[in-house]
Amino acid sequence: MACRIGELVLKCRDPEVLARFWCEVLDFIVLDREEGVYIEIGPREGFGGPQPTVFLIRNDEPKNGHARLHIDVNPTDRDQDAELERLLAAGAKLVDIGQPADASWHVLADPEGNEFCLLKRRLDPL
């Protein structure tokens, strides 16, 4: 038997802000929380489904450099350009980390500066 990813853990200064942002991006809901400590967000089915949950843990240490692990997201119900507009409206920012000018993906950052990529290929929603 193999393993699969159950949770992604992200340390952050403000779990509330990032929970709102990532819930909007991924169409997730808040599953659990301990006020001022952590918030777990995930699909409406909850933990254990086909998608991992995101565990946002409060941490006041500053972000240092680029993360060694980042999230890639794919549009599900619109094209990449329309999804880019939606993510920017939700609070994402375009960032340059040295990607090629003709890249087929967009590099963005969430409200705390954590980089993630918006890929071009559409996936069917689960």
Side-chain angles (χ1 to χ4, degrees):
M1 174 167 287
C3 292
R4 70 181 176 101
I5 296 173
E7 298 176 346
L8 300 173
V9 178
L10 181 60
K11 294 179 182 178
C12 57
R13 289 184 307 274
D14 193 337
E16 292 288 339
V17 168
L18 285 192
R20 281 192 300 275
F21 176 79
W22 285 106
C23 280
E24 175 70 23
V25 170
L26 301 170
D27 191 29
F28 277 11
I29 61 170
V30 172
L31 299 173
D32 192 17
R33 75 172 60 224
E34 184 175 326
E35 200 66 42
V37 179
Y38 73 85
I39 298 175
E40 183 178 17
I41 64 171
R44 296 175 195 291
E45 309 84 60
F47 180 80
Q51 297 184 79
T53 63
V54 180
F55 207 81
L56 303 160
I57 299 175
R58 181 174 180 79
N59 184 314
D60 292 324
E61 295 175 22
K63 178 181 176 286
N64 296 319
H66 295 297
R68 294 184 73 179
L69 176 69
H70 72 264
I71 297 170
D72 287 345
V73 297
N74 295 76
T76 58
D77 62 350
R78 63 198 81 197
D79 67 21
Q80 185 188 43
D81 292 337
E83 184 64 2
L84 177 61
E85 292 297 320
R86 188 181 79 84
L87 297 177
L88 293 171
K93 304 263 189 273
L94 285 165
V95 295
D96 182 356
I97 59 167
Q99 67 270 27
D102 63 347
S104 64
W105 65 91
H106 296 286
V107 181
L108 299 111
D110 70 16
E112 288 199 5
N114 301 299
E115 294 94 3
F116 67 100
C117 294
L118 171 62
L119 304 180
K120 187 168 189 133
R121 182 173 175 215
R122 268 182 65 178
L123 296 178
D124 290 330
L126 295 176

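Cluster membership for L84 and L26, using ILVMFWY side-chain heavy atoms within less than 4.5 angstrom, is shared. L88 and L118 end up in the same hydrophobic cluster when Ile, Leu, Val, Met, Phe, Trp and Tyr side chains are linked at under 4.5 Å. Linking Ile, Leu, Val, Met, Phe, Trp and Tyr whenever their side-chain heavy atoms come within less than 4.5 Å puts V30 and F21 in one cluster. V73 and V9 fall into different hydrophobic clusters, defined by Ile, Leu, Val, Met, Phe, Trp and Tyr side-chain heavy atoms under 4.5 Å apart, directly or through other members. Taking hydrophobic clusters as Ile, Leu, Val, Met, Phe, Trp and Tyr residues chained together by side-chain heavy-atom distances below 4.5 Å, I39 does not share a cluster with V37.
When side chains are defined from C-beta on, N74 does not count as touching E83, because their heavy atoms never get closer than 4.5 Å. Contact annotation: the side chain of K11 never approaches that of E61 to less than 4.5 Å [non-hydrogen atoms, C-beta and beyond]. Counting heavy atoms from C-beta on, the side chains of L18 and N114 come closer than 4.5 Å. Within the 4.5 Å cutoff, the side chain of F28 has no heavy atoms near those of the T53 side chain. Side-chain contact check for Q99 versus H106: every heavy-atom pair is 4.5 Å or farther apart. Contact annotation: the side chain of L87 approaches that of F116 to within less than 4.5 Å [non-hydrogen atoms, C-beta and beyond]. Inter-residue side-chain proximity for L10 and D110 is flagged as met; some heavy-atom pair is nearer than 4.5 Å. Side-chain contact between E35 and E16 is present, with heavy atoms from C-beta onward closer than 4.5 Å.
Judged by distance alone, with hydrogens and angles left aside, the side-chain atoms of E112 form a donor-acceptor pair with the main-chain N or O of R13 at under 3.5 Å. No donor-acceptor pair closer than 3.5 Å links the side chain of E40 to the backbone N or O of E7. Between the side chain of R86 and the backbone N or O of V25, at least one donor-acceptor pair lies under 3.5 Å.
Closest non-hydrogen pair, P111 versus G91, comes out as CG-O, 4.2 Å. Nearest heavy-atom pair across D72 and C117 is OD1-CB, 3.2 Å. For P15 against I57, the heavy-atom pair with the smallest separation is CG-C, 4.3 Å. Scanning all heavy atoms of the two residues, the minimum distance from A92 to L108 falls at CB-CD2, 3.8 Å.
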